[in-house]
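Note sheet for the following structure.
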Amino acid sequence: MKHLIIVNGTMGAGKTTVCRSLTRLLPANVFLDGDWCWDMNPFTVTEETKTMVLENIAFLLNQFLSCSSLEYVIFCWVIHQKEILSDILSRLQTENCSVLTVSLICSEEALRLRLEKDVEAGLRTEDVISRSVARLDCYRDFPSVKLDVSDLTPGEAAARIAAMALSPVKNPSL
């Protein structure tokens with residue numbers, strides 16, 4: 001049986017770093033960050049590019065899910081609306097596949113500290129802080145397992161997700 005792990009959360013919650021740590025904890029896995037599917041310059045959000053990125057994500061995830069060498073497919077992206085998750089899942093071949101969706105949540109203070117470090121390091125622009133904070137509430141009622149990463153290292157968060165993924169019970173809070 002295949003296992004699809006979807007990790008979402010607002011910008012700066014730690015999705016990419018946690019998922020990279022998760023790859024070292026699970027057997028036979030692959031990791032896709034949704035941001036890689038539209039890493040454009042200039043970054044342009046239009047109906048055409050939104051359609052393209054969803055098609056890119058679905059294509060890659062389906063390729064990974066059909067690969068006999070892989071047991072775990074790890075996918076992360078902001079996914080701040082239930083409709084986006086539903087759209088992605090509707091495009092996937094998930095027969096004989098368990099799906100675990102985990103939302104990384106954190107306090108506003110922890111989020112601001114993380115993003116300020118990224119801004120100081122030149123990894124992000126300052127406007128991301130207000131945009132990310134504004135999305136925090138999107139994940140509180142999201143149909144997923146909630147993992148508060150305010151006081152967790154990426155390795156600790158990954159270990160908790162790995163324990164859920166390796167457990168026979170998926171999406172225990174749903």
Side-chain angles (χ1 to χ4, degrees), residues 1-39 57 60-61 64-65 70-82 84-86 88-89 92 94 97-125 128-174:
M1 176 180 271
K2 296 283 183 171
H3 306 277
L4 173 61
I5 303 167
I6 300 171
V7 178
N8 71 340
T10 194
M11 295 84 70
K15 299 175 298 296
T16 301
T17 307
V18 167
C19 287
R20 283 196 177 126
S21 294
L22 188 57
T23 65
R24 293 187 291 276
L25 301 176
L26 295 173
N29 69 76
V30 64
F31 167 45
L32 173 66
D33 187 322
D35 288 346
W36 300 338
C37 293
W38 68 351
D39 189 1
I57 287 168
L60 287 169
L61 290 177
F64 295 146
L65 290 170
L70 298 169
E71 289 180 55
Y72 291 87
V73 177
I74 304 163
F75 171 62
C76 76
W77 203 27
V78 171
I79 314 177
H80 65 292
Q81 297 171 328
K82 298 171 194 171
I84 297 170
L85 177 63
S86 294
I88 292 168
L89 289 173
L92 301 182
T94 56
C97 178
S98 69
V99 179
L100 171 64
T101 305
V102 179
S103 295
L104 301 185
I105 60 172
C106 60
S107 68
E108 181 177 335
E109 178 184 0
L111 181 62
R112 284 183 182 279
L113 287 171
R114 290 174 186 192
L115 290 171
E116 286 168 0
K117 285 181 186 176
D118 286 356
V119 170
E120 288 173 16
L123 301 173
R124 299 180 192 258
T125 57
V128 74
I129 297 172
S130 60
R131 289 186 294 116
S132 185
V133 167
R135 286 194 175 164
L136 273 173
D137 286 338
C138 295
Y139 303 95
R140 305 255 181 241
D141 295 324
F142 203 86
S144 61
V145 175
K146 310 303 179 289
L147 180 57
D148 189 333
V149 294
S150 300
D151 298 315
L152 297 179
T153 67
E156 291 168 335
R160 291 188 187 187
I161 295 170
M164 287 184 255
L166 294 166
S167 165
V169 177
K170 301 295 182 231
N171 281 350
S173 73
L174 299 178

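Small disclaimer: the values here were computed from a predicted structure and weren't measured.
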* Asked: Do the non-hydrogen side-chain atoms of Glu156 and Val149 ever get within less than 4.5 Å of each other?
  -> no
* For Arg124, check side chain to side chain donor-acceptor pair (under 3.5 Å) against everything at least two apart and list the hits. => Asp118
* Over all atoms of both residues, closest heavy-atom pair of Lys15 and Val78 -> CE-N, 3.9 Å
* Asked: About how many Å separate OG of Ser103 and NE2 of His80, when rounded to the nearest 0.5 Å?
  -> 12.5 Å
* Kindly give the heavy-atom pair with the smallest separation between Ile161 and Leu100, and that separation in Å. => O-CD2, 4.2 Å
* Which atom pair, heavy atoms only, marks the closest approach of Ile5 to Ala165? -> CD1-CB, 3.5 Å
* Hey, what do you get for CG (Asn8) to SG (Cys76), rounding to the nearest 0.5 Å? -> 9.5 Å
* **Check: Leu92 and Val99 side chains under 4.5 Å, non-hydrogen atoms** => no
* Structure fact -> Rounded to the nearest 0.5 angstrom, the CG-CG distance for Leu89 and Leu4 is 7.0 Å
* **Interatomic distance, Arg20 atom CZ to Ile74 atom CD1 [nearest 0.5 angstrom]** => 11.5 Å
* Asked: Please walk me through it: do Lys117 and Leu123 pass side-chain contact (heavy atoms from CB on, under 4.5 Å)?
  -> CA-CA 9 Å; Lys117 285 181 186 176; Leu123 301 173; over 6 Å; no
* Under 3.5 Å, is there a donor-acceptor pair between the side chain of Thr10 and the main chain of Arg135? -> no
* Asked: Of all residues at least two apart in sequence or in a different chain, which pass the side-chain contact (heavy atoms from CB on, under 4.5 Å) check with Lys82?
  -> Phe142, Pro143
Tell me which donor-acceptor pairs under 3.5 Å the side chains of residues 27-37 have, and how far apart each pair is, sequence neighbours excluded?
| residue | atom | partner | partner atom | Å |
| --- | --- | --- | --- | --- |
| Asn29 | ND2 | Thr23 | O | 2.9 |
| Asn29 | ND2 | Leu26 | O | 2.7 |
| Asp33 | OD1 | Asp35 | N | 2.9 |
| Asp33 | OD2 | Thr16 | OG1 | 2.5 |
| Asp35 | OD1 | Trp77 | NE1 | 3.3 |

* Can any side-chain N or O of Lys2 pair as donor or acceptor with the backbone N or O of Leu70 at less than 3.5 Å? -> yes
* Asked: With side chains defined as the heavy atoms from C-beta onward, is the minimum distance between Val18 and Leu152 less than 4.5 Å?
  -> no
* Structure fact -> Between the CD1 atom in Ile105 and the CG atom in Asp148, the distance rounded to the nearest 0.5 Å is 5.0 Å
* Which atom pair, heavy atoms only, marks the closest approach of Cys106 to Leu111? -> SG-CB, 3.7 Å
* Structure fact -> Sequence neighbours excluded, the answer for side chain to side chain donor-acceptor pair (under 3.5 Å) partners of Arg24 is Ser21
* Straight-line distance of Thr101 OG1 to Lys146 NZ, nearest 0.5 Å -> 9.5 Å
* With Tyr139, which residues qualify under ring pair (Phe, Tyr, Trp, His ring centres under 6.0 Å), at least two apart? -> none
* To do: Check for a donor-acceptor pair, side chain of Ser107 on one end and backbone N or O of Ala110 on the other, with a separation under 3.5 Å.
  => yes
* **Any pair counted as salt bridge (charged side-chain N to carboxylate O under 4.0 Å, His left out), so long as it reaches residues 97-112, sequence neighbours left out** => Glu108-Arg112
* Looking only at heavy atoms, which two atoms of His3 and Ser98 are closest? And how far apart? -> ND1-OG, 2.8 Å
* Structure fact -> Nearest heavy-atom approach of Leu65 to Cys97 is CD2-SG, 3.8 Å
